[in-house]
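Structure first, then comments.
Reckoned from all heavy atoms, side chains included, excluding hydrogens, waters and symmetry mates. Order of the sequence lines fixes the chain letters, A, B, ..., with proteins taken first and strands second; residue numbering starts at 1 for each chain.
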Number of protein chains: 2
Amino acid sequence: MDKSLKRMATMQRMQAKGLELFYSKGYYNTSVDDVLKELSMSKGAFYYHFDSKEDFFIQIVQNLLARKVYSTLIEPLEGHDDPIVKISQCFEDALETAVHNEMDFGCILSNFLSEFNGRNETIMKHLNDILSIWEVNLVFTLQKGKFNGHLDRHVDCEAVATYLMSSYFGIRTLMAGTSPSARKYRFMGQLKQYFKLIEAKNITA
Amino acid sequence: MDKSLKRMATMQRMQAKGLELFYSKGYYNTSVDDVLKELSMSKGAFYYHFDSKEDFFIQIVQNLLARKVYSTLIEPLEGHDDPIVKISQCFEDALETAVHNEMDFGCILSNFLSEFNGRNETIMKHLNDILSIWEVNLVFTLQKGKFNGHLDRHVDCEAVATYLMSSYFGIRTLMAGTSPSARKYRFMGQLKQYFKLIEAKNITA
DNA sequence: ACTTAAACCGACCGCTCAGTCGGTAACTAT
DNA sequence: ATAGTTACCGACTGAGCGGTCGGTTTAAGT
């Protein structure tokens, strides 16, 4: 399955730089030549490894974005602890990287969803795949939390997942504007208020 | 202040079609010729009325987007009734138009914020102006609600506004993907749960 | 009828972009 | 050494873009 190591290494380099530029300048606003210039490589090298700009992007989505979303937004939720604590921490960490202008992979996903929506069916399909993996895992984590007695029995896990994803994507759009760290602080405060609603009620002392 | 009526009418037509195309295909993915083709007009007409594509877009933002955001997201909040009821209804209405694939101006704003972030300072400034007008009015509405006894005294109005804007922008990104009406339903349910947190507590019966 | 200016036309320019192609260097197998 | 394959080079093509400009139409004023 692994082609020659050299090939893999080159493709990795190209994809990493590609993601960086596509994220910061947008897909349609980044030319293949922009990527190649930063890598001091030639058109020939690019089209030797990839069929087209679109193919290049899709491979980036599958090889880099999907893995990173998994490792930053899904993996941290594993285990049997209180899902509220883990989701809070997970969002906190993700938004903190966003404050420092590093690549926040949830934000990347959200940006690309906006950029390709209604413009490129093929790419949207791949992005929506990642989105639904996140959604499924969030729902699963919440259900497990309910089963383990961390969440209130009446909680609608699908709805909570939708709401959490919404607020996360939205705060990233807002933070891109002005005063990101103040907005992050306010957001996390309200998120924790919201979490109080769905945590298990200690009706019996 | 009003130039000749003909001039105004033509510019209006161009701007309306421009917004429609920029919204559905994105700014960078829509050429001036695309707009002109749909209007059966010529390059000359376009550059007679507008300095550049960017100038054209900024005028659209100021003349159409700003007004529409105001009339759909801000004006409905006026008055002295319970802000929770009004904000709920306002979001409900905006998301309903979104379900039917009509132009939802909050969504347009959110999309453009994503598209121009880090790519065009000038345009971002105009978009952020609209955003902060919305924010200021939300905060004001909430504070008034607190004063009128509809909201709990301990509510942090800035934080609630940030949280509301986040969730609204986010749900629009999500709804663009799959099953918009199911997501809208789940979202509104959780939003109403959240509102229970900030409404005035009837501690005294 | 003549003048004038606003409104509009569309060929054209310079440039950027995705993608092509004939060539070459480096490595590997025999 | 030779042949074949992989990896890479960079000039080039053709389409599409934003923007220009000389010219034409329309309508109002006199």
For [N], take OP1 and OP2 only and decide whether either is under 4.0 Å from a side-chain N or O of [X].
X: S52(B); N: dG18(D); value: no
X: S42(A); N: dG10(D); value: no
X: Y48(B); N: dC8(C); value: no
X: Y47(B); N: dG19(D); value: yes
X: T10(B); N: dC8(C); value: yes
X: H49(B); N: dA6(C); value: no

Whole-Å distance separating the [atom1] atom of [X] from the [atom2] atom of [N]:
X: F50(B); N: dT20(D); atom1: CZ; atom2: C1'; result: 18 Å
X: F46(A); N: dG19(C); atom1: CZ; atom2: C1'; result: 10 Å
X: K53(A); N: dC17(C); atom1: NZ; atom2: C1'; result: 8 Å
X: D34(B); N: dA15(D); atom1: CG; atom2: C1'; result: 14 Å
X: M8(A); N: dA7(D); atom1: CE; atom2: P; result: 12 Å
X: D33(B); N: dA11(C); atom1: CG; atom2: P; result: 12 Å
X: R7(A); N: dA7(D); atom1: CZ; atom2: P; result: 6 Å

List the protein contact pattern of nucleotides 25-30 of chain C with one symbol per nucleotide (5' to 3'): B for base contact, S for sugar-phosphate-only contact, - for none; contact means a heavy-atom distance under 4.0 Å.
------
Any idea how [X] and [Y] line up, ring-wise: parallel (<30°), tilted (30 to 60°), or perpendicular (>60°)?
X: Y27(A); Y: F57(A); value: perpendicular
X: W134(A); Y: Y168(A); value: perpendicular
X: Y163(B); Y: Y194(B); value: tilted

Flag for D152(B)-H154(B): side-chain donor and acceptor within less than 3.5 Å:
yes
Rounded distance (nearest 0.5 Å) linking atom [atom1] of [X] with atom [atom2] of [Y]:
X: S132(A); Y: N137(A); atom1: OG; atom2: CG; value: 10.0 Å
X: K86(B); Y: E78(B); atom1: NZ; atom2: CD; value: 8.0 Å
X: K68(B); Y: L109(B); atom1: NZ; atom2: CG; value: 15.0 Å

Is it the case that the ring center of F116(A) lies less than 6.0 angstrom away from the ring center of Y28(A)?
yes
Regarding K43(B), tell me which of base, sugar-phosphate or nothing describes its non-hydrogen contacts under 4.0 Å with the strands shown.
base
Would you mind checking if K196(A) and E199(A) are paired as a salt bridge, meaning a charged N to carboxylate O distance below 4.0 Å?
no
Expected output is a numbered-order residue list: members of residues 19-29 of chain A with a heavy atom under 4.0 Å from any atom of DNA chain D. What is it?
none
